[in-house]
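Just so we're on the same page: letters track the sequence lines, and every chain starts at 1.
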2 protein chains.
Amino acid sequence: MKQDNILEIFSDLGIRATTPRILIYEYIKLQSDTFSLGDIENALPDTDKSTIFRTLILFEEHHLIHSMEDGSGAMKYCLCRNQGECEEEEFHCHFYCEKCKKTYCLDNQASTNITLPKGFIMNHINFIIKGICDKCSHKTDI
Amino acid sequence: MKQDNILEIFSDLGIRATTPRILIYEYIKLQSDTFSLGDIENALPDTDKSTIFRTLILFEEHHLIHSMEDGSGAMKYCLCRNQGECEEEEFHCHFYCEKCKKTYCLDNQASTNITLPKGFIMNHINFIIKGICDKCSHKTDI
DNA sequence: TTTCTTTTGCAACCAGGTTGCAGAAGCGTA
DNA sequence: TACGCTTCTGCAACCTGGTTGCAAAAGAAA
């Protein structure tokens, strides 16, 4: 897999290639960091919110994207690097900048050793570090 | 400090001891795990939502409680063990049970080694592990 | 082209959070 | 106890993000 052709990716996963889905996937592919439903709404004003909402659910079910909560109030998403082959949820660590409100993916930046109490079963991890990002910390104006 | 008397705690912090605040703090003190604004609303039907909201902000500003997002859609809170003396946000790890929707505080259960990229400044950590809690994992009915 | 299934867009709704404001409550002083 | 000022509360209204029902549109198969 790992192909760049949107139509191939969709057909491999058995997803119908409709206009909104293609537009949304094209948008997603351009994002280097995370994005929200609202971001897509702004980028694609002719596509309905509920369509975007259902498309994001579809993409996540097919492991094309991951979702996470960063505490901004809006669910954030990011492209899965393993296009549809990511069975196990990756250990995703994210950084939320409290100044520019951007959420970055930090892969392999945090090593964590978790010992859960007896009887607790781990399914997913939602790990958000909050602070100021490099771009914002370099600015002199507070 | 570390007193149990609500009036003393409030006066030490310079917080006016009003009826809603006392009721809310009494409720909070009884909780062994986390709670939401909605939980307090249900427990105190005669107290207005906005009053609870503003009281929670007040309590958090005075470090009586901590807040965290567990992805349930509602902000969760828990009592600070150091009653008003917790300047630095503790490293709080929480466990969200996807079955009973309860969020547990897991103190000292996870050791984390974080190496942030250059220029990134950490202020807070929001670390949620999702899965099934001990009570729910022991139940035979799925 | 016809028929059936899937998807979309609209509208409406919901929950949680948030705000403005008038009246109530608290508190110091007389 | 009454007065006057400040703070707090309750109500109502609003906002944002998420979610759903449903009729119309689009896609796929025959």
Side-chain angles (χ1 to χ4, degrees), chain A residues 6-7 10-27 34-62 64-78 96 101-103 126 128, chain B residues 6-27 34-62 64-77 96 101 103 126 128:
Chain A
I6 294 177
L7 299 180
F10 283 0
S11 90
D12 281 356
L13 295 171
I15 294 176
R16 252 194 213 174
T18 64
T19 309
R21 288 176 184 171
I22 293 170
L23 287 173
I24 293 168
Y25 194 76
E26 278 176 344
Y27 171 84
T34 64
F35 52 88
S36 67
L37 194 155
D39 292 335
I40 304 179
E41 246 188 305
N42 293 333
L44 308 174
D46 293 334
T47 306
D48 190 73
K49 184 169 66 156
S50 63
T51 301
I52 300 171
F53 173 68
R54 288 186 269 232
T55 302
L56 289 174
I57 291 176
L58 182 80
F59 284 0
E60 190 173 17
E61 280 171 0
H62 287 87
L64 286 174
I65 56 174
H66 294 296
S67 69
M68 85 229 51
E69 302 102 11
D70 63 3
S72 68
M75 181 74 78
K76 291 293 172 62
Y77 303 88
C78 63
Y96 175 73
K101 316 293 181 199
K102 201 167 148 183
T103 298
N126 195 60
I128 309 282
Chain B
I6 294 177
L7 300 180
E8 265 183 56
I9 295 171
F10 284 180
S11 91
D12 280 356
L13 294 171
I15 294 176
R16 250 194 215 175
T18 65
T19 308
R21 289 178 183 169
I22 292 169
L23 287 172
I24 293 169
Y25 193 77
E26 277 174 347
Y27 171 85
T34 64
F35 53 87
S36 66
L37 194 154
D39 293 335
I40 303 179
E41 245 187 305
N42 293 332
L44 308 174
D46 293 332
T47 306
D48 190 73
K49 185 168 65 153
S50 62
T51 301
I52 302 171
F53 173 68
R54 288 184 269 230
T55 302
L56 289 174
I57 292 177
L58 181 79
F59 284 179
E60 191 173 18
E61 281 172 357
H62 287 85
L64 287 172
I65 57 173
H66 294 294
S67 69
M68 85 230 51
E69 301 103 11
D70 61 5
S72 68
M75 180 72 80
K76 291 294 172 61
Y77 303 87
Y96 175 73
K101 318 291 180 201
T103 299
N126 196 59
I128 309 284

### Summary
To the nearest angstrom, the CZ-C1' distance between B:R21 and C:dG26 comes to 11 Å

## Note on the structure
When rounded to whole Å, the CD to P distance for the pair B:E69 and D:dG17 reads 15 Å

### Task
Provide, to the nearest angstrom, the distance between the CD1 atom belonging to A:I15 and the P atom belonging to C:dT5.
21 Å

### Message
Whole angstroms only, please: what is the CZ-P distance between B:F10 and C:dC27?
### Response
12 Å

### Message
Please find the pair of heavy atoms, one from A:E60 and one from A:H66, that lie closest to each other, and give the distance.
### Response
OE2-C, 4.2 Å

### Query
Between A:L58 (CG) and C:dT8 (C1'), how many Å, whole number?
13 Å

### Which residues share a side-chain contact (heavy atoms from CB on, under 4.5 Å) with A:S50, sequence neighbours left out
A:D48, A:R54

### Task
Take atom CG of A:L23 and atom C1' of C:dG9, then tell me their distance rounded to the nearest Å.
15 Å

### By side-chain contact (heavy atoms from CB on, under 4.5 Å) - contacts of A:K101 (at least two apart)
A:Y96

### Message
Checking B:A43 now: which residues fulfil side-chain contact (heavy atoms from CB on, under 4.5 Å) with it, not counting sequence neighbours?
### Response
B:Y27

### Query
Under the salt bridge (Lys or Arg N to Asp or Glu O under 4.0 Å) rule, what pairs show up with a residue in residues 67-78 of chain A, not counting sequence neighbours?
A:E69-B:K130, A:D70-A:K76

#### Entry: Options C:dG17, C:dT8, D:dT9, nucleotide nearest the side-chain atoms of B:M75
C:dG17

Dump the pairs, protein N or O against N or O of nucleotides 19-26 of chain D, anything under 3.5 Å, distances to one decimal.
residue : atom : partner : partner atom : Å
D:dG21  : O6   : A:R54   : NH2          : 3.4

### Task
Would you tell me if any nitrogen or oxygen in the side chain of A:T18 comes within less than 4.0 Å of OP1 or OP2 on C:dT6?
no

### Task
Would you please name every residue forming a side-chain contact (heavy atoms from CB on, under 4.5 Å) with A:F10, sequence neighbours left out?
A:I6, A:I15, A:A17, A:R21, A:I22, A:Y25, A:F59, A:L64

### Query
A:K101 has an atom NZ; how far is it from atom C1' of D:dT16, in whole Å?
15 Å

### Query
Given atom CG of B:L7 and atom P of C:dG26, what is their separation to the nearest angstrom?
13 Å

### Task
Locate the shortest heavy-atom distance separating B:M68 from B:M75; write the atom from each residue and the value.
O-SD, 3.3 Å

### Task
May I ask you to verify if any side-chain N or O of A:T51 is less than 4.0 angstrom from the OP1 or OP2 atom of C:dG9?
yes

